[in-house]
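Here is the structure we will look at, set down as structure tokens.
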Amino acid sequence: GDGTTSVVILAGEFLREAKQFVEDGVHPQTIIKAFREACEFAVGHLKKIAVPLGSGESEYERLTKCAQTALNSKLINHEKGFFATMAVDAVNQLDGNMDLELIG
């Protein structure tokens, strides 16, 4: 699937682990700071192990596969090839200077 269930389970585990710190009187800002530091560490590690887009496949093929993966568990999964291609084509039409955080 697209990882929705995994994200919910992971978020629940983070909250369960944080609960004891809250009950022990640790300020929520301190807990949030620790989560942010852990996030930075994780992102850094992911960047180290990332596979560059140019590895064997075209960028377009790799993006299309990523989009298809995101559509696997959706109602339109039987047409995921069509919709994945449509999404990648649409994003490729955007201005190259656009903030990618706005795509969603």
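Quick note: residue numbers are just sequence positions, from 1.
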Checklist entry - What pair of heavy atoms forms the shortest contact from Ala84 to Thr64, and how long is it? => result CB-O, 3.7 Å
Checklist entry - Roughly how far, to the nearest 0.5 Å, is CG of Leu46 from SG of Cys39? => result 9.0 Å
Checklist entry - Are Phe41 and Val43 connected in a single hydrophobic cluster, I mean Ile/Leu/Val/Met/Phe/Trp/Tyr linked by side-chain heavy atoms less than 4.5 Å apart? => result no
Checklist entry - Would a distance-only check, ignoring hydrogens and angles, find a side-chain to backbone donor-acceptor pair under 3.5 Å from Gln93 to Ala90? => result no
Next on the checklist: My understanding is that only one of Thr69, Asn72, Thr85 makes a side chain to side chain contact (heavy atoms under 4.5 Å, CB included) with Lys80; could you say which?
Outcome noted: Asn72
Next on the checklist: Using the rule given for side chain to side chain contact (heavy atoms under 4.5 Å, CB included), can you reason through Glu37 versus Lys33, listing the C-alpha separation, both sets of side-chain angles and the distance that settles it, and then say yes or no?
Outcome noted: CA-CA 6 Å; Glu37 289 175 8; Lys33 182 179 179 189; 3.2 Å; yes
Checklist entry - So if you build clusters from Ile, Leu, Val, Met, Phe, Trp, Tyr with side-chain heavy-atom gaps below 4.5 Å, do Ile76 and Met86 land together? => result yes
Checklist outcome for this item: Here the pair of heavy atoms bringing Phe14 nearest to Phe35 is O-CZ, 3.7 Å
Next on the checklist: Is it the case that atom NE2 in His45 sees more than 12 heavy atoms from other parts of the structure closer than 6.0 Å?
Outcome noted: no
Checklist outcome for this item: Rounded to the nearest 0.5 angstrom, the CZ-CD distance for Phe82 and Gln68 is 13.0 Å
Checklist entry - Is it the case that Asp89 and Tyr60 place a side-chain donor and acceptor less than 3.5 Å from each other? => result yes
Checklist outcome for this item: What one should report as the nearest heavy-atom pair of Val26 and Ile31 is CG1-CG1, 3.8 Å
Item to check | No-hydrogen, no-angle side-chain donor-acceptor test under 3.5 Å, Asp24 and Gln20 | outcome: yes
Checklist entry - When hydrophobic residues are tied together by side-chain contacts of less than 4.5 Å, even through go-betweens, does Leu10 share a cluster with Ile32? => result no
Checklist entry - Under 4.0 Å between a Lys/Arg side-chain N and an Asp/Glu carboxylate O for Glu23 and Lys19? => result yes
